[in-house]
Amino acid sequence: MELRFEVLGPVRAWRGDTEVELGSPQQRAILAILLLHNGTAASPDQLVRATWGNDAPRAAIGMVRSYVSRLRSALGPVIQSVAHGYALPKPSLDLTDFQRHIHAAKAGDVATRAAELRAALALWKGTPLGGVRGEYAEAERVRLENVQLTVVEDLAAADIELGRHAEAVADLMALVDRHPFRERPRELLMLALYRSGRQAEALALFDETRRVLSAELGIAPGPELREMHQRILVADPALTPAETVAPRPAQLPADTPFFVGRHQVLPQITAGLRDGVPVGIEGLSGVGKTALAVHVGHQMASEFPDGTLFVDLNESPDPLAELLHAVGVVELPRTQWERQTLWRTLTSMKRMLIVIDNVRDSVSALLPSSGGVLMTARQRLYDPPHARWIAMGGLDEDESIMLLEHMIGEARVRAEPTASRRLAVMTMGIPHLVQALANRIASRPKWTIASVTERAERRIPGAPAQPPECAVIERPFEQMLADLDREQVRTLLLVSLIESPDIELRAAAALLDRPVTLAEDLLESLVDNHMLESTVRDRYRFLPPLKRYVRARAASDFGRVECEAALGRLAEYHESQFVEASHGLRQVTSV
């Protein structure tokens, strides 16, 4: 199996996927010197000087022979003895691959150049010749690091030429931080900033460079930097070729063709976005959060001239990567921290609107440096802490009727005004439910609105041979239950057995066979998830469509015995309350 060697990082040898143990630092130094000779011979004297310099021990020649012998034991007979010393002919070496990519970059067009330079830099694993000491190794380290810096600069220049200004800015800012006296990165950064529409920052960078070089080295900026400064001052047209203009991202899904209602919350959302505050829309599944967010995005698109982005956290395995690709990043940084830094850099001073759908936990890593953020979530989050959350309920009856008219026509709705109102009440104005039933009505021109509503009211959730509209209605409810933990599901299903519209806290605790404090925490968690409503203190209420669904699930999930036991505990509680009330009445009467 072929041996592979690495020197662009810690000195290593690999046989297949297995790393070969190379022994002491002196042995690694001998191997590194032979590898850097690239197949030509190295004499024992050269190996001694490279390994120990002027501090070589008397037995150094013998020690070199011993190290070579041990390396042969570890690597096999790849190190050859030649007339003038030792050689490692044609090693498979990362440095050789690096040089091959550099050569290919010089021979290709700008796109090829960028790809080859990026591939070359991907071979670096850290400080070159890691783990090897000595003057020779240190000199080679400096040489290789300077070569790498030049490649990083060349890649930034190619990215700028290709219109990838944002990527170049991020890479060059890091390079300037690490090498503050190197002038070419500063010149390229000025160009990248200028082409990104950040002229003031480009000029400020030149002023900072002049101060740094004067204070630290006592010199002025070189001719290339001064020329770039002058060209930016006069807005040289050659600095901004038309073909490098980046496209404006527009990722929002299509707007709803017949959006109705939401007149109360729309001004709150738009005001928050104009104030630069992240805005969140919370509510029950199917209530229309995504449709509202997309509608707002389209309505306000002109106020975000740098583009509109959309990411669905239910669908995206790596939303940050998705957003970076959307703004033109081709090669992603390796670590999440680097990606977050790049995202903040690219969105700095930009007016973009980011719509983040189906948020479940912190999205701080996705927040841009500037612009607008609009989120949708089943329940409000407390990170970011400065977000403005707006609770979203169903449409009112008139709005539900309007939606129904859009979908099945005004004539059919006006022919059955009572049935239409009944459908609006039954669905609680949840657009998802209205649309599911409206689609069913539209597919059956001879059916009445009343007949479809009756079918929906008498359906048994989970029954075989479900009508298609029932499956559509139940899908978000199924997803909501799947997102709850076991105790929350038990609470929701069992309290649906209570006949009264209101759920009183102590009665629920008795039904659940749980302490009152725990029952309160569970019920409040369901309020947070928009599955119950909190009416007054210690009282809760179901949305009717959800109650029908979960009540049927209670019977199927828990069975008759557990449901009857729960209702038995509830009856005992009410009986005890009756006894207490009777006892109190007798005391009042006796007085």
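Under a 3.5 Å cut-off, the side chain of N529 and the backbone N or O of S525 do form a donor-acceptor pair. R4 contributes no side-chain N or O that, together with a main-chain N or O of D17, makes up a donor-acceptor pair within less than 3.5 Å.
A donor and an acceptor atom, one from each side chain of E504 and Y573, are located under 3.5 Å apart. Side chains of E338 and T335: a donor on one and an acceptor on the other come within 3.5 Å.
Within 6.0 Å of CZ on R486 lie no more than 12 heavy atoms contributed by other residues, nucleotides or ligands. Residue-environment remark: CD (Q264) stays at or below the threshold of 12 foreign heavy atoms within 6.0 Å.
At a threshold of 4.0 Å, the pair R514-D521 does not count as salt-bridged, since none of the basic side-chain nitrogens sits closer than that to a carboxylate oxygen. With respect to R380 and E282, a salt bridge is recorded, a charged nitrogen being found less than 4.0 Å from a carboxylate O. The residues R164 and D171 are annotated as not salt-bridged, no charged nitrogen and carboxylate oxygen being separated by less than 4.0 angstrom. Comment: E397 does not engage R422 in a salt bridge, judged by the lack of any side-chain N to carboxylate O separation of less than 4.0 angstrom.
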Verdict with reasoning, S362 to L381, per side chain to side chain contact (heavy atoms under 4.5 Å, CB included): CA-CA 7 Å; S362 173; L381 305 172; over 6 Å; no

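Inter-residue side-chain proximity for V260 and H406 is flagged as met; some heavy-atom pair is nearer than 4.5 Å.
For the pair R344 and W337, the cation-pi test (distance below 6.0 Å, angle within 45°) is passed.
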